[in-house]
Amino acid sequence: MNKKTVRWGTDTGFEKKVKSFDDRNELSAHGLRGKRAKGDLGLSRGMTRKEARRDAADAIPVSEAMTQDQWSEREQLIAERAEEVRRGLSTWMSSTAAGVRNYIQDQTPSDIHPDQLREAIKAEEHEFRHYEVDDTEDARTSHSAAIIELQSFRQTHGAQIGERTPDIKKNVEQAVAILMFVMLVEGAFNALLFKDAQASGLLGGLMIAFGVSAVNVLFGVIAGFFGLRYLNHPALAAKIMGGVVAGISILCGIFLNFFVAHYRDAVEHGLVQAEAAGRMAEFSMFEIPPGSVIGGMFPNIFGLDSFVALALLILGLTVFAVAVYEGYDRISDKYPGYGRVWRKERKAYERRQQLREDLRSDLSDYFSASRLWFETQLSRHGQAKREIEKAMNVIEARRDIAVAVAAKAADQERGLKVAYRQAHRRQRNQLRDKLGEQAACPVYFDEILTPQLPPFDLAKERTQANAAIKTIEQNITALNLTREWLETHIQHVQQGLSSVEKKVVEEIAKVRDAKTGDAKKAG
């Protein structure tokens with residue numbers, strides 16, 4: 001019926017669209033062509049009278065002739081033409097009736113029983129729910145474990161974190177994106193400031209600038225994530241480790257930024273000296289030894305003569321501060337481990353909810369396909385009923401046509417025989433003296449028998465059509481009953497799915513209460 005049809009409906013009702021009765025049985029296929037198909041025998045009455053006079057003059061047939069094989073040639077030709085029309089009409093009607101019977105048989109659906117149909121719908125629905133049993137059980141187990149881990153973490157570190165919860169909007173991807181952005185900004189700005197200080201121009205400046213920027217951001221992240229965050233840890237060893245890491249990383253970051261600024265200041269002085277000496281084309285920033293720059297930084301570390309160097313220092317420290325903040329507060333929660341267990345519980349909960357939504361979506365598509373199947377079947381049953389009636393109308397109309405054609409042929413047959421009889425009698429009466437008493441008119445001329453087309457009895461086809469229509473009507477009733485049940489069933493299923501959220505909350509509360517009770521017993 002459509003690409004999203006339900007499997008249980010593939011062998012129930014009308015699997016394909018209902019087609020009209022194929023009315024291609026023509027009279028020409030049964031030997032009736034041209035005027036013959038309209039009942040015209042194609043014999044002239046004048047020629048019939050002429051032949052009758054000749055037969056009478058020859059004393060043909062003899063007076064004792066009673067059987068058809070003793071008829072004259074003209075009489076046999078008339079009867080043969082009429083019988084040919086009747087035979088063609090008979091085969092035309094019999095083949096049409098057979099086609100109608102076959103059509104009715106093809107359009108008669110199997111009986112539909114509401115109970116069986118409901119069980120088939122439930123069976124396929126259970127297949128959609130089957131994966132829920134395994135996946136939901138696994139999701140519930142992992143979610144319960146995550147809740148227990150989160151509650152255990154809160155009980156262990158409750159004095160430090162209190163009742164607050166980490167911001168669930170924080171994620172590592174967002175923090176990394178911000179860090180990459182500030183690193184690119186700093187690298188691009190540094191490249192512009194270093195491009196005149198070495199021979200490779202902007203490309204060389206980019207390589208140097210991005211390297212310095214990456215190290216600057218790395219120091220900031222380490223200082224924030226592995227240093228300052230661990231100052232919130234309740235364990236003294238963790239606090240000491242965090243303080244040491246934070247101090248070393250911050251000092252390294254500050255030293256790096258001041259070193260780059262003083263190095264750029266030294267490069268500025270080198271450019272001035274190279275210009276005075278006329279060797280600007282040969283000058284390279286790598287000629288300046290880093291040791292001399294470090295020695296020149298002290299004791300006046302803020303003594304910068306170049307505005308470019310001062311801009312580098314401000315930009316570098318700003319990026320370093322952003323990296324420290326991102327590492328401390330944006331990558332994860334300020335309290336070490338809290339964000340991890342919180343996100344773990346959130347992901348387990350979201351997975352559990354996603355399974356529920358996936359099931360709801362699958363069932364919604366399934367029920368939509370079921371509704372469409374019922375609508376399609378009801379439409380096709382009604383169409384099949386109409387088409388069967390139309391097929392019966394076709395065969396009845398053909399019966400009327402056949403009777404009319406046969407009647408016309410019978411009238412011509414009767415008229416030709418009457419003309420033959422009268423001409424034959426007149427001629428023999430005129431020749432009675434010559435032919436004698438033995439030339440009496442044949443007995444079979446006294447009564448003209450014209451066999452009519454046998455009546456076409458369509459009782460068999462009508463009985464079959466009535467039985468098919470009765471089955472269709474019973475199926476329509478069964479479909480309506482099952483469809484009403486389906487709507488009620490869908491409402492129950494939707495109510496059950498809506499209660500899943502409530503059950504999840506209740507299970508979470510049970511796990512928390514059990515964990516709290518265990519903690520009190522242990523205390």
Side-chain angles (χ1 to χ4, degrees), residues 1-2 4-26 89-125 366-404 453-491:
M1 293 186 299
N2 64 344
K4 295 184 178 180
T5 185
V6 287
R7 190 174 65 250
W8 53 262
T10 55
D11 55 352
T12 306
F14 291 95
E15 300 179 25
K16 299 179 180 179
K17 293 182 178 180
V18 177
K19 296 182 179 180
S20 301
F21 174 63
D22 189 6
D23 187 17
R24 295 183 181 180
N25 186 22
E26 302 295 339
L89 292 174
S90 298
T91 57
W92 181 56
M93 277 302 300
S94 60
S95 59
T96 301
V100 170
R101 290 194 300 271
N102 293 335
Y103 176 78
I104 294 174
Q105 183 177 3
D106 294 338
Q107 298 304 321
T108 303
S110 58
D111 292 335
I112 297 178
H113 302 283
D115 295 337
Q116 297 178 0
L117 199 57
R118 293 170 189 172
E119 294 301 323
I121 295 173
K122 289 181 180 180
E124 189 169 355
E125 179 187 343
Y366 170 69
F367 289 138
S368 297
S370 298
R371 288 191 179 102
L372 179 61
W373 185 88
F374 277 106
E375 294 175 0
T376 305
Q377 284 300 316
L378 287 170
S379 174
R380 290 182 180 177
H381 274 74
Q383 185 180 359
K385 183 178 178 180
R386 293 192 301 271
E387 293 298 334
I388 290 175
E389 287 290 350
K390 288 164 63 176
M392 289 302 300
N393 293 336
V394 168
I395 193 173
E396 290 177 358
R398 286 195 170 187
R399 179 179 60 181
D400 295 340
I401 294 174
V403 170
L453 188 68
F456 295 108
D457 186 9
L458 303 181
K460 183 178 180 180
E461 288 75 18
R462 172 53 63 186
T463 301
Q464 186 180 3
N466 291 336
I469 292 174
K470 182 178 179 181
T471 301
I472 290 175
E473 291 176 347
Q474 291 175 349
N475 284 356
I476 291 176
T477 303
L479 289 171
N480 287 326
L481 292 174
T482 310
R483 184 172 62 172
E484 293 175 359
W485 166 85
L486 178 64
E487 295 299 331
T488 305
H489 179 66
I490 291 174
Q491 294 178 1

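Because the structure is predicted, anything quoted here is derived from the model rather than measured. Counting begins at 1 with the first residue of the sequence.
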K.L.:
To the nearest 0.5 Å, how far apart are CZ in R371 and CD1 in I490?
P.N.:
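Separation between the atoms: 3.5 Å.
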K.L.:
Using only atom types and a distance under 3.5 Å, with no angle test, would you say the side chain of E124 pairs donor to acceptor with the backbone of R7?
P.N.:
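Flag set: sc E124 to bb R7 pair under 3.5 Å.
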K.L.:
Do W373 and L479 have side chains that get closer than 4.5 Å, going by heavy atoms?
P.N.:
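Yes - at least one pair of side-chain heavy atoms lies under 4.5 Å apart.
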K.L.:
When you compare the side chain of L378 with that of R483, does any pair of heavy atoms fall below 4.5 Å?
P.N.:
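In short, these two side chains touch, coming nearer than 4.5 Å.
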K.L.:
Under 4.5 Å between any side-chain heavy atoms of T376 and F14, yes or no?
P.N.:
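No - every pair of side-chain heavy atoms lies 4.5 Å or more apart.
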K.L.:
Could you give all pairs that pass the side-chain hydrogen bond (donor to acceptor under 3.5 Å, both in side chains) test and reach residues 101-117, with sequence neighbours left out?
P.N.:
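Matches after skipping sequence neighbours: R101-E461.
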K.L.:
Nearest 0.5 Å, please: how far is CD in E15 from CD in Q377?
P.N.:
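Output value for this atom pair is 9.0 Å.
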K.L.:
Is E387 paired with K390 through a side-chain N to carboxylate O contact shorter than 4.0 Å?
P.N.:
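The answer is yes: the pair qualifies as a salt bridge.
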K.L.:
Which atoms form the tightest heavy-atom contact between A369 and V6, and what is the distance?
P.N.:
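So the two residues come closest at CB-CG1, 3.8 Å.
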K.L.:
Is the side chain of T12 donor-acceptor paired with the backbone N or O of G9 at a distance under 3.5 Å, no angle test?
P.N.:
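No; zero donor-acceptor contacts below 3.5 Å.
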K.L.:
Would you check if N393 and F21 make a side-chain contact, meaning some heavy-atom pair closer than 4.5 Å?
P.N.:
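N393 does not reach F21 side chain to side chain.
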K.L.:
For the residue pair I401 and W92, establish whether any side-chain heavy-atom pair is separated by less than 4.5 Å.
P.N.:
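When only atoms from C-beta onward are counted, W92 and I401 do touch, with a gap below 4.5 Å.
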K.L.:
If you look at every heavy atom in F456 and A402, which pair is closest and at what distance?
P.N.:
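Looking at all heavy atoms of both residues, the shortest contact is CE1-CB, 3.8 Å.
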K.L.:
Considering non-hydrogen atoms only, spot the tightest contact between L486 and S370 and give its length.
P.N.:
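Between these two residues, the closest heavy atoms are CD2-CB, 3.8 Å.
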K.L.:
Going from CE on M93 to CG on D457, what distance comes out if it is rounded to the nearest 0.5 angstrom?
P.N.:
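If I round to the nearest 0.5 Å, the distance is 10.5 Å.
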K.L.:
Which atom names give the shortest non-hydrogen contact between I395 and A97, and what distance separates them?
P.N.:
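Scanning both residues, the minimum pair turns out to be CD1-CA, 3.3 Å.
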K.L.:
With the side chain counted from C-beta on, respond yes when Q474 and I112 share a heavy-atom pair under 4.5 Å apart, and no when they do not.
P.N.:
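Of all side-chain heavy-atom pairs linking I112 with Q474, none is under 4.5 Å.
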K.L.:
Within the side chain of S379, is there an N or O that forms a donor-acceptor pair under 3.5 Å with the backbone of E375?
P.N.:
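Absent.
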K.L.:
Rounded at 0.5 Å granularity, tell me how far CD in Q383 sits from NZ in K17.
P.N.:
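Interatomic distance, Q383 CD to K17 NZ, rounded to 0.5 Å: 9.0 Å.
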K.L.:
Heavy atoms only: give me the nearest I388-A468 pair and the separation to one decimal.
P.N.:
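Heavy atoms only, the tightest pair is CD1-CB, 3.8 Å.
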K.L.:
Less than 4.5 Å apart, side chain to side chain, heavy atoms only: is that true for M392 and I104?
P.N.:
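Answer yes - side chains close enough.
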K.L.:
Between T482 and I121, is any pair of side-chain heavy atoms under 4.5 Å apart?
P.N.:
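Yes - at least one pair of side-chain heavy atoms lies under 4.5 Å apart.
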K.L.:
Indicate the atoms forming the closest heavy-atom contact of L481 with R118, along with that distance.
P.N.:
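Closest pair (atom of L481, atom of R118, distance): O-NH2, 4.1 Å.
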